[in-house]
Amino acid sequence: MKLKRFLLRYYPPGIILEYVQGGEVKTKSIDLLDLNVATDVDALVEDIRKAEPLITASRKDQIVHLILRLQEKLCQQVDHKFYLFKVLRAHILPLTNVAFNKSGTCCITGSYDRTCKVWDTASGEELLTLEGHRNVVYAVALNNPYGDKIATGSFDKTCKLWSVNTGKCYYTFRGHTAEIVCLSFNLQSTLVATGSMDTTAKLWDIQNGEEVVTLTGHTAEIIMLSFNTTGDRIITGSFDHTVAVWDVGTGRKMHTLIGHRAGISSAQFNWDCSLIVTGSIDQTCMLWNALTGKRVATLTGHNDEVLDVCFDYTGQHIATASADGTARVYNAETKKCIAKLEGHGGEISKICFNPQGSRILTASSDKTARLWDPQTGQCIQILEGHTDEIFSCVFNYKGNVVLTGSKDNTCRIWR
Amino acid sequence: MGLLSILRKLKSAPDQEVRILLLGLDNAGKTTLLKQLASEDITHITPTQGFNIKSVQSQGFKLNVWDIGGQRKIRPYWRNYFENTDILIYVIDSADRKRFEETGQELAELLDEEKLSGVPVLIFANKQDLLTAAPAAEIAEGLNLHTIRDRVWQIQSCSALTGEGVQDGMNWVCKNVNAKKK
C-alpha cells in the first residue's frame, strides 16, 4: 500500500486518503466528526497515526496542516443574510421536490406538470426540461458528488435516468406497479433506489439500466428511503408503521424497526452509519442502533404528527419537524431536546441542516421558509414571498444558497 | 397539507373515506364549491393554478375532495388525479351558455376515460343565483346526459355562492359511494 495524496472534506470534517494497492487506486476516509476549534491538534494527529499505518512520521506536518484548515473552516462565522435572488416560474403546475448539485451551480425541480427542469443557479436560466413522464414527477435526485446524472420518479410508476448535460434519457426503469414516491442514488453513484406505493423498493444498476433486486416485505406503501454513507445498507420507511434495514448486496432484510404506532414519515442514517432516526405520524421520533436494529431512545415532545426528521452532517444533532407548527433540536448523544423552534403559523413539512450544522431550514404551509440557530432555537430569518405553501427546501453544499419549491408553481432561489 | 399528506390521500382510501374529484371548466365555481363544503370564507377566490384538497365529514364518511384547476392549458393534466376516484363531481356555470358546448365536450371525454369508468358522476348546474342561469333540465338535455348508460349519474342545480342545492348534491354522493365502501 502506497499513499498517493490527501483530500480534504469540509462537511462533515474528514481527510480522505488516496492510495495504491495492487496497482489499483483506492480511497479511505478518516472521519473527524468531533473536531472543533478547541481540539488539541497534536494529540489528534498522534491518535490518527496510531490507528492508520498509511500515515508515517514524515506525513505528520501535512496532517497537522490539513486539520488546521478544517478548524479554520469550522470557525468561519455563518451569519449569511439571505435575500430572494430569483423566482423560477417556468412550471405551470405545483412543484414537488427540488435538489442541488454539489457545487450548487445547478438545481433541479420536479412538478405536477410532469416535467423536471434543470436550472442554472447563478442566472436563474432554465437549462433543460426533461420531458417524458406521463404523470406527476414527484421525486428528483442528482448523483452527488458527481452531479452528472438525474433520476426522476413519477406517479406514472417509472423512474428515468437522465444526463445533466444533454438532457438525454439513458434509461426508463419499469417494474413498479404503483406511483414512485421516493428515490436516491447511493453515494458511490452505482445504484438508484426507488420506493413505491406498491409496497416495494427496487435497486437499479446505473450502468446497464437493469433491475438489481426488489426489496419486498412491507405491507403498506413505502414513502421514503435512504442509503447509508458506505452504501452497503438502505432503509425504507412505510405506512405499515415500520422501517426496514436491507443489505444492498443481497437485498436481504437485516432488521425491521418495530415500535412506531403509525405510519413512518421520515428516516435517515447518521454519517458514521451507527444510528438511524425515524419520524412518525404517531408524534414521536425514535433512535435505533443501526447494527442491531434495537431501539435506543424515543424522542417525545411534539403534540402532532412528526413530518420530517434529519441528522446534521456530523450526526451530533437531530432536527424534527411537526404538524404542530414547531421544530425541535435534540442532542444525538444525550437524546435531550436542546431547542424548540417556534414561530411558524402552520405545519412544518420539511427540515434540514446546512452542511456546517450552524443553521436549520424549515418549510411550512404558512408559505414561509425560516432559518434558525440550532443552539438557541432563535429564528434568524424568515424567507417570505411564496404565495402558497412550501413543499420542499434545501441548502447547497456551501450553505450559502437556499432553494424552495412551492405549491404556487414557483421555485425560489435565496442567496 | 405538505407532500406527505398528499401521499396519504393518494393511497387507496380505506372504508369510510371517499375520494371525490371536482372538475369543470375554469370559472365554473369549483373552488367556491369546495370552500362552501368546508364552511370556509368564499369572498376572495382566485383561479386555481394547481389544485386544492379538503377533507369534510358527511354522513359518517370522510370526503377527501380534490378541486383541480380548469383552465384550458392545464386540463391535459386532469388525468394526474384520476387514480382511485370514487365519485366525480362535474361543475358547470349555468349562466355561461356560450361555453355549454365546450363543457359538454370536456365531460364527454372524461366519461370515456378508462380510469374513471363506472365512477358515479354528479353534475352541479352551478350559479343558479344568477338570473340568466339555464335550469338544470335544459342543461341535461343540451348535454345529452340521458345517453349516459355506463354509470349512475345525477344533475343537481345549485349555487355554490349561497349554498343552495349543495347539500342535496352531497346527499346523493353519499348514497352512491360504491358498494365496496359500505
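Proteins get letters first, then strands, A, B, ... in listed order; numbering begins at 1 in each.
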Legend entry - Least distance between heavy atoms, A/Tyr112 atom then B/Tyr77 atom: O-CD2, 3.8 Å
Legend entry - Structural part of A/Asp113 lying under 4.5 Å from a heavy atom of chain B: both
Legend entry - Residue B/Glu101 excluded, over 12 heavy atoms near CD under 6.0 Å: no
Legend entry - Test item: A/Ile281 and B/Arg8 side chains (from C-beta on) under 4.5 Å apart, heavy atoms: yes
Inset, instruction - Enter the distance from A/Asp156:CG to B/Arg79:CZ here, rounded to the nearest 0.5 Å. - result: 12.5 Å
Legend entry - Atom NZ of A/Lys86 with >12 non-hydrogen neighbours under 6.0 angstrom: yes
Inset, instruction - Under 4.5 Å heavy-atom distance to chain B, tell me which part of A/Asn409 shows up: side chain, backbone, both or neither. - result: side chain
Inset, instruction - Might you confirm whether atom CD of B/Glu141 has over 12 heavy atoms from other residues, nucleotides or ligands at distances under 6.0 Å? - result: no
Legend entry - Gap between atom CD of A/Glu221 and atom CG of B/Leu7 - 0.5 Å precision: 9.0 Å
Inset, instruction - Go through the steps to decide whether A/Tyr138 and B/Leu3 satisfy the test side chain to side chain contact (heavy atoms under 4.5 Å, CB included), and finish with yes or no. - result: CA-CA 9 Å; A/Tyr138 188 84; B/Leu3 289 176; 3.1 Å; yes
Inset, instruction - Would you give the length of the straight line joining atom CG of B/Asn52 to atom CG of A/Asp388, rounded to the nearest 0.5 angstrom? - result: 7.5 Å
Legend entry - Residue A/Phe391 versus chain B: region with a heavy atom under 4.5 Å: both
Legend entry - For the student: nearest non-hydrogen atoms of A/Pro94 and B/Gly50, plus distance: CD-CA, 3.6 Å
Inset, instruction - With rounding to the nearest 0.5 Å, note down the distance linking OG1 in A/Thr96 to CD1 in B/Ile6. - result: 9.5 Å
Inset, instruction - May I ask you to check whether over 12 heavy atoms, not counting those of B/Gln57, lie within 6.0 Å of atom CD? - result: yes
Inset, instruction - Grab the two heavy atoms, one from A/Asn135 and one from B/Asn80, that are nearest each other, plus how far apart they are. - result: OD1-OD1, 3.0 Å
Inset, instruction - Could you look at A/Phe239 and say if it's the side chain, the backbone, both or neither that has a heavy atom under 4.5 Å from chain B? - result: side chain
Legend entry - Enclosure of B/Arg97 CZ (heavy-atom neighbours >12, cutoff 6.0 Å): yes
Inset, instruction - Against chain A, label B/Glu83 side chain, backbone, both or neither, depending on which of its atoms sit under 4.5 Å from a heavy atom there. - result: side chain
Inset, instruction - Say whether, by atom type as modelled, one donor and one acceptor occur between the side chain of A/Glu389 and the main chain of B/Gly2 under 3.5 angstrom. - result: yes
Inset, instruction - Answer yes or no: are there more than 12 heavy-atom neighbours, outside B/Glu164 itself, under 6.0 Å from its atom CD? - result: no
Legend entry - Side chain / backbone / both / neither for A/Ser265 at chain B, heavy atoms under 4.5 Å: both
Legend entry - Residue pair B/Gln49 / A/Leu93: nearest heavy atoms and the distance that separates them: O-CD2, 3.1 Å
Inset, instruction - Check whether B/Tyr81 gets within reach of chain A through its side chain, its backbone, both or neither, counting any heavy atom under 4.5 Å. - result: side chain
